[in-house]
*Asks:* 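Just dropping this structure here.
Only a predicted model underlies this, so the values are computations on that prediction, with no experimental measurement involved. Keep in mind that the numbers below use all heavy atoms, side chains included, and drop hydrogens, waters and symmetry copies.
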Amino acid sequence: MSDPKTAEKHDTALMEKIVSLCKRRGFIFQSAEIYGGLNGCWDYGPLGAELKRNLKDLWWRRYVHGRDDIVGLDGSILTHQDVLKASGHVGGFSDPMCDDLLTKERLRADQITPQSGTVLRFSGATHEESGFSVERSYAVLIREGEDENKARKTAKQYYGQFLKDGQVSPKKLELQGETTEEVTDSTRFNPATGSLLTEAREFNLMFQTTMGASAEDNDPKAVAYLRPETAQSIFVQFKNVLETSRVKLPFGIAQIGKAFRNEINPRNYTFRSREFEQMEIEYFCKPEDGLRLTDEWLEDRLSFYEEIGIPREHLHILDVPDGERAHYSKKTYDIEYDFPFGIQELEGVAYRTDYDLTKHKEHSKKPMEYFDEETKEKLIPHVVEPSAGCDRTVLALICEAYEEETITDEKGKEEKREVLRFSPKIAPIKAGIFPLLKNKPELVAKAREVYDLLKPLMPVFYDEGGAIGRRYRRQDEIGTPYGITIDFETLGENGDELKDTVTVRERDSMSQERMKIEDLPAFLLRKIR
RNA sequence: GCGGGUAUAGCUUAAUGGUAAAGCUCCAGCCUUCCAAGCUGGCUAUGCGGGUUCGAUUCCCGCUACCCGCUCCA
């Protein structure tokens, strides 16, 4: 991995502008905002919903409709606990963590080297002159050959944390209630400092629930989970799809859907949220094709990002090294985007081998084999998984499209223009339709005609309020690629030649061309497809 | 989970222990022949909960959310 400190520029001010625009124009709102917000959850407003839908539609059209080797699936979110036991999410998933009480360093509880020695335990500390006192149990481990006064110094530093303003030196504290005990092979102390650790806590990232109205809270059979990834429903339904869809290896099963992880620390706007949507394909193949297909899928996915307006120069491909990959994966590429808050993962293209199908075969005791008619051989297919974060991609699209442009008008006056340069394919609104003036009924009527013509074909927005320039800018800010203006020439005031023509203003160049109304649908449909 | 910061209208900011101000946006109207013009009018705010106080948006405590740095991210 590249050094994040040198490679990344963290542009907090830019991110704040983007967040503000998203709220102001109705792309993204905080979930339950009027109740103070829900940590790590976000709602898409009218424009955000359109944007996200366009992204998902493009993906689905490209892979499910556009290819004959991929079929779709829409699995349930509530997940049988056995599915996640088989996949390893229950049990092997959570890491017990504990913190050093003195240094606050966080440690994996299962990786602490057991230690033996004498434990010096205290009940608190006081300082008579200032009236300071604190009652808290604390302990330090003294290993063989170590000085017990050093341990007392450590304890004083610990209690010193509770002093205000450092008016009293921790050294002057009186330790209270000192006792000693011998321990062997204890993992309750930080090997580096000897300081007592907090109790180990499990961080299980899955949302658990109980099924059935009469389910008792403690009934282990009633436990179900919100799926932590969409992939498992594909593996679990592998056999059903195989038997009903007449597919042959290699083939893929695609799914777009919600997944849930109880993240310890949601961060960076919608980037790491607790509820998120994935766009995943499990592409099943013969074992010998796995590595090659992983590379091919990486290329395919990069060209998808290019298609939606994220050029590959702005993407980073991380070939995840041994030891950092998930244990089941033989090869993983992370596709990362250069967000204002740093370079972060959009998608993982992972070669998962036959791990998942094998696990489900073991746990369910149901066959997961594929029978190859040509070679007359039974095999458990391997799988390549391009798994993209839908919300992350939406955020990347917005970041990529956002620009604050300084433009100079004819009088030489400089002004700022905020614009979202969405590709017409993903833009929430495809065209704004404007009568040049609101108080001329003929213009308004004609503009309404144009609006009615286009409305059934694509999302368009009619606007008659304010000066024409203002209306253009409003659409710039939400990324509408075209502005269509109905003026007096449309009505035939300058001769029949220009009658029933309108100006089409292009968002990025702000240039205009005249076009016949009857040509508008074909022109626009070509651009947005 | 730890440490630091922030929270006033849709946005950006101001002020105050005693009627919360402005710009932009938005809405309505007038005007306006292509890039945020002008005029008139209008809607809208102290995150939540306690405490101190005659009175708290302001001071104190707690909570929540967001941002930054760690940590975490199967």
*Asks:* Students often get this wrong, so: under 4.0 angstrom with heavy atoms, is A:Arg267 touching a base, only sugar-phosphate, or nothing?
*Replies:*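 The residue A:Arg267 makes base contact.
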*Asks:* Please determine if A:Lys258 and A:Glu275 form a salt bridge, counting it only when a charged side-chain N lies under 4.0 Å from a carboxylate O.
*Replies:*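 Yes, A:Lys258 and A:Glu275 are salt-bridged.
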*Asks:* Expressed as a whole number of angstroms, how long is the span from A:Arg507:CZ to B:C34:C1'?
*Replies:*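 After rounding, the reported distance stands at 19 Å.
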*Asks:* Does a distance-only test, which skips hydrogens and angles, find a donor-acceptor pair under 3.5 Å between the side chain of A:Glu263 and the base of B:C73?
*Replies:*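 Flag unset: no donor-acceptor pair detected.
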*Asks:* Please report whether the ring centroid of A:Phe271 lies less than 6.0 Å from that of A:Tyr269.
*Replies:*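 Centroid distance A:Tyr269-A:Phe271: not below 6.0 Å, so no.
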*Asks:* Is it possible for you to check whether A:Arg448 lies under 6.0 Å from the centre of the six-membered ring of A:Tyr462, through NZ or CZ, and within 45° of that ring's axis?
*Replies:*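 Cation-pi check for A:Arg448 and A:Tyr462: passes.
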*Asks:* Less than 3.5 Å between a donor and an acceptor, one on the side chain of A:Tyr269 and one on the base of B:C66, is that the case here?
*Replies:*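 No pair found.
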*Asks:* Do A:Arg421 and A:Glu403 meet the salt-bridge criterion of a basic N to acidic O distance under 4.0 Å?
*Replies:*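 Answer for the salt bridge query: yes.
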*Asks:* A:Arg272 side chain: which of B:U33, B:A65, B:C72 is closest?
*Replies:*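 That would be B:C72.
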*Asks:* For each nucleotide in nucleotides 20-30 of chain B, reading 5' to 3', give B when a protein heavy atom comes within less than 4.0 Å of its base, S when such contact involves only the sugar-phosphate, and - otherwise.
*Replies:* -----SS--S-
*Asks:* Would you classify A:Asn39 as touching base, sugar-phosphate or nothing, given that sugar-phosphate means primed atoms plus P, OP1 and OP2, and contacts are heavy atoms under 4.0 Å?
*Replies:*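 Here A:Asn39 touches the backbone only, sparing every base.
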*Asks:* Does A:Thr12 contact B:C68 through a side-chain donor or acceptor facing the base, at a distance under 3.5 Å?
*Replies:*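 Counting by modelled atom types and ignoring angles, no donor-acceptor contact under 3.5 Å is found here.
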*Asks:* Does a distance-only test, which skips hydrogens and angles, find a donor-acceptor pair under 3.5 Å between the side chain of A:Asp487 and the base of B:C34?
*Replies:*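 For A:Asp487, whose side chain was compared with the base of B:C34, there is a donor-acceptor pair (under 3.5 Å).
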*Asks:* Classify the nucleic acid contact of A:Ser20 as base, sugar-phosphate or nothing, counting any heavy atom under 4.0 Å across all strands shown.
*Replies:*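 Sugar-phosphate: the residue A:Ser20, judged by heavy atoms under 4.0 Å, touches backbone atoms but no base.
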*Asks:* State the pairing partner of B:C66; accept Watson-Crick or G-U wobble contacts with both distances under 3.5 Å, and report none otherwise.
*Replies:*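 Checking every strand shown, B:C66 finds its partner in B:G5, with both distances under 3.5 Å.
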*Asks:* On RNA chain B, compare the nucleotides closest to A:Leu38 and A:Glu415; which residue's is nearer the 5' end?
*Replies:*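 Nearer the 5' end of the strand: A:Glu415.
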*Asks:* Within the structure shown, what part of the strands sits under 4.0 Å from A:Asn268 by heavy-atom distance: base, sugar-phosphate, or nothing?
*Replies:*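 Sugar-phosphate, no base atom in range.
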*Asks:* Applying salt bridge (charged side-chain N to carboxylate O under 4.0 Å, His left out) between A:Asp487 and each of A:Lys446, A:Arg514, A:Lys440, report the one that passes.
*Replies:*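 Only one option passes, and that is A:Arg514.
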*Asks:* Rounded off to whole Å, could you give me the CG-to-P distance for the A:Leu437 and B:U32 pair?
*Replies:*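 Rounded to the whole Å, the gap is 8 Å.
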*Asks:* Report yes or no: is there a donor-acceptor pair, N or O only, under 3.5 Å between the side chain of A:Arg505 and the base of B:C34?
*Replies:*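 Such a pair does not exist between side chain and base.
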*Asks:* How about NE2 on A:His80, more than 12 heavy atoms from neighbouring residues, nucleotides or ligands closer than 6.0 Å, or not?
*Replies:*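 Count not over threshold, so no.
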*Asks:* Under 4.0 Å, counting only non-hydrogen atoms across every strand here, what does A:Glu345 touch: a base, just sugar-phosphate, or nothing?
*Replies:*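 If one applies the 4.0 Å heavy-atom cut-off, A:Glu345 turns out to touch nothing in the nucleic acid.
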